[in-house]
Peer 1: 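Submitted below is the structure of interest, expressed as structure tokens.
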Amino acid sequence: MQYVSLGSTGLQVSRLGFGGIPVQRIDQPRTRQLLEAAHKAGINYIDTARAYTVSEEWIGQALQQSGLRDEFVIATKCRAITAEEMAEELNASLRSLRTDHIELYQFHNPSPEDFDRIIAPGGALEALKSAHAVGIVEHIGVTAHLAATFEKALACPDIETIMFPYNIVEQQGADLIARCKAAGKAFIAMKPLAGGAIESGRLAIRYTLANPGVTVVIPGMAELRELSQNVAAAEDASPLTEEELAACEEVRKSLGTQFCRRCNYCAPCTVGIQIPNCFLFQGYLNRYGLEGWAHERYNTLPVKAGACIECGACETRCPYQLPIRQMLKKVAADFGE
């Protein structure tokens, strides 16, 4: 296993991390089994979130039961905007994870506008800085899906890590990764398999880690087989072969015309549909198999995909020329509205 510094935090982490989204679809005993196997394989970085239903709780129980808490760097996150909200969410994370400290606490996918509120007086950053002062939170980061949020995080001296989608297909943050490293901030690559759209996990992990600007990659894992495959890919530090590079190009060709990269250029929708989120939740439903959670998240959308009036304005703005109207019809069919 390869180990690197997590930006300027002083923490040493495995370049392959454990993505905690999929444990929602298994159970607590199997979560413990996975984390014990991850530890034996040399993984020491765990990613979870308040929004991942039972993920924090089951990971916390597993680490307590196995006595492995101090062997892992725990990274979690929440959607709090105000200092008061963050204090509540942080306490909930500590209880669920059964720990008195968290190595990395992140703001979970704020919009650029919400990020401004987070770092303003009375914002959630105040609560994390207070927690840092007493040793409860060691480091502070942000996760994002929009390049505009990434830009703001780069400019914020209190942000030590940035998580963003990066894989064979999703390249909207590629230019920012090098700037992240230059700024001394760790870059955490989420969705290396593009939410499951990339079939070859080995190719996806190898491609992502081939970028020296990537600090750690966090594929979701719910089976020992997935863990073994990801570990084997991460341990192979040889350069990508010509065959692998050709395979990456084939992936781009096959997904390039039917894959949402969540760049958000399609916005604003005429009737207020959050188009990228519709496709994101559809991915959780069809690729991750998280039916209950996907429906729960989809139901939070104020305007559903079925409300599309087929004006086509979004398609004129999509840099990837996606057939968004047809894709939204599929989302509406999958979710029933």
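The structure displayed is predicted, hence computed values, not measured ones.
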Peer 1: Please determine whether residues L128 and L94 belong to a single hydrophobic cluster, defined as Ile, Leu, Val, Met, Phe, Trp and Tyr linked transitively by side-chain heavy-atom distances below 4.5 Å.
Peer 2: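 Yes; tracing contacts between hydrophobic side chains, which count when under 4.5 Å, links both residues.
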Peer 1: Is there a side-chain contact between C78 and L90, using heavy atoms and a 4.5 Å cut-off?
Peer 2: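 In short, these two side chains do not touch, never coming nearer than 4.5 Å.
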Peer 1: Given side chains that start at C-beta, do those of F107 and I159 come closer than 4.5 Å, heavy atoms only?
Peer 2: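 Sidechains of I159 and F107: in contact.
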Peer 1: Count the heavy atoms belonging to other residues, nucleotides or ligands that lie under 6.0 Å from CD of E337, then report whether that count exceeds 12.
Peer 2: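 Enclosed.
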Peer 1: Would you indicate whether the side-chain heavy atoms of F279 and M327 approach each other to under 4.5 Å?
Peer 2: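 Yes, their side chains come closer than 4.5 Å.
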Peer 1: Closer than 4.0 angstrom, basic N to acidic O: yes or no for E244 and R206?
Peer 2: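 Judged by the 4.0 Å cut-off on N to carboxylate O distance, E244 and R206 do form a salt bridge.
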Peer 1: Are F335 and L328 co-members of a hydrophobic cluster defined by side-chain heavy atoms under 4.5 Å apart?
Peer 2: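 Linked, L328 and F335 end up in one cluster.
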Peer 1: Between K330 and N286, does the side chain to side chain contact (heavy atoms under 4.5 Å, CB included) criterion hold? Intermediate values first, please.
Peer 2: CA-CA 11 Å; K330 180 62 165 58; N286 295 333; 4.2 Å; yes
Peer 1: Quick one: list whatever passes salt bridge (Lys or Arg N to Asp or Glu O under 4.0 Å) with E151, sequence neighbours left out.
Peer 2: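 If we apply the salt bridge (Lys or Arg N to Asp or Glu O under 4.0 Å) test to E151, skipping adjacent residues, the hits are R179.
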Peer 1: Applying the 4.5 Å side-chain criterion to the ILVMFWY set and letting contacts propagate, would Y298 and W293 be lumped into a single cluster?
Peer 2: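 Linked, Y298 and W293 end up in one cluster.
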Peer 1: Would you mind reporting whether Q229 and E223 have side-chain heavy atoms less than 4.5 Å apart?
Peer 2: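 Sidechains of Q229 and E223: no contact.
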Peer 1: Other than I218, which residues form its hydrophobic cluster under the rule that side-chain heavy atoms must be closer than 4.5 Å?
Peer 2: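 Answer for I218: V4, L6, L11, V13, Y45, V73, L104, M163, I188, M190, V216.
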Peer 1: To the nearest 0.5 Å, how far apart are CG in L280 and NE2 in H145?
Peer 2: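 Reported to 0.5 Å precision, the distance equals 5.5 Å.
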Peer 1: Do W58 and Q24 touch side chain to side chain, with heavy atoms closer than 4.5 Å?
Peer 2: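 No, side chains not in contact.
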Peer 1: Going hydrophobic residue to hydrophobic residue with side-chain gaps under 4.5 angstrom, can you get from V142 over to I177?
Peer 2: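 As far as the 4.5 Å side-chain criterion goes, I177 and V142 are connected within one cluster.
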Peer 1: Are the charged groups of E103 and R69 less than 4.0 angstrom apart, N to O?
Peer 2: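 Looking at E103 and R69, the cut-off is met.
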Peer 1: S5 vs Q12, test: side-chain hydrogen bond (donor to acceptor under 3.5 Å, both in side chains). Steps then yes/no.
Peer 2: CA-CA 5 Å; S5 296; Q12 290 291 307; 2.6 Å; yes
Peer 1: Of all the heavy-atom pairs spanning P276 and C266, show the shortest one and how long it is.
Peer 2: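 What the structure gives for the nearest pair is CD-SG, 4.0 Å.
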Peer 1: Would I140 and F187 show up in the same hydrophobic cluster when neighbours are defined by side-chain heavy atoms closer than 4.5 Å?
Peer 2: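 The answer is yes; both residues are in one hydrophobic cluster.
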Peer 1: Under 6.0 Å from the CD atom of E71, do we count more than 12 heavy atoms belonging to anything else shown?
Peer 2: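 Counting other residues, nucleotides and ligands, CD of E71 exceeds 12 neighbours.
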Peer 1: Looking at K181, I want to see if its NZ is surrounded by more than 12 non-hydrogen atoms of other residues, nucleotides or ligands under 6.0 Å.
Peer 2: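 Counting other residues, nucleotides and ligands, NZ of K181 stays at 12 neighbours or fewer.
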Peer 1: Indicate the atoms forming the closest heavy-atom contact of G184 with S8, along with that distance.
Peer 2: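 Nearest pair, atom of G184 first, then S8: O-OG, 2.9 Å.
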Peer 1: How far apart are the closest heavy atoms of E89 and A80, and which atoms are they?
Peer 2: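 Looks like CG-CB, 4.3 Å.
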Peer 1: Could you pull out the closest heavy-atom pair between C308 and R325, with the gap in Å?
Peer 2: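 Between these two residues, the closest heavy atoms are SG-CG, 4.3 Å.
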Peer 1: Charged N to carboxylate O below 4.0 Å: is that the case for K40 and E36?
Peer 2: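 Looking at K40 and E36, the cut-off is not met.
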Peer 1: With rounding to the nearest 0.5 Å, note down the distance linking OG in S14 to CD1 in I43.
Peer 2: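 Rounded to the nearest 0.5 Å, the OG-CD1 separation comes to 6.0 Å.
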Peer 1: Provide the closest heavy-atom pair for L301 versus C278 in the form atom of the first, atom of the second, distance.
Peer 2: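 In terms of heavy atoms, the two residues are closest at CD1-SG, 3.9 Å.
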Peer 1: Is the closest basic N to carboxylate O distance between K129 and E126 below 4.0 Å?
Peer 2: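 Salt bridge: no.
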Peer 1: Show your working on side-chain hydrogen bond (donor to acceptor under 3.5 Å, both in side chains) between E56 and S93 and close with a plain yes or no.
Peer 2: CA-CA 7 Å; E56 276 190 342; S93 288; 2.8 Å; yes
Peer 1: If you count heavy atoms of other groups shown closer than 6.0 angstrom to NE2 of H132, is the number above 12?
Peer 2: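 It does not: H132 NE2 has 12 such atoms or fewer within range.
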Peer 1: Between the side chain of E226 and the main-chain N/O of A222, is any donor-acceptor distance below 3.5 Å?
Peer 2: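 Between the backbone of A222 and the side chain of E226 there is a qualifying donor-acceptor contact (under 3.5 Å).
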Peer 1: Quick one: does Q172's side chain get under 4.5 Å of F150's, heavy atoms only?
Peer 2: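 Q172 vs F150: side chains apart.
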Peer 1: Any idea which heavy atoms bring V169 and N167 closest together, and the distance?
Peer 2: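 Answer, listing the atom of V169 first, then N167: N-OD1, 2.9 Å.
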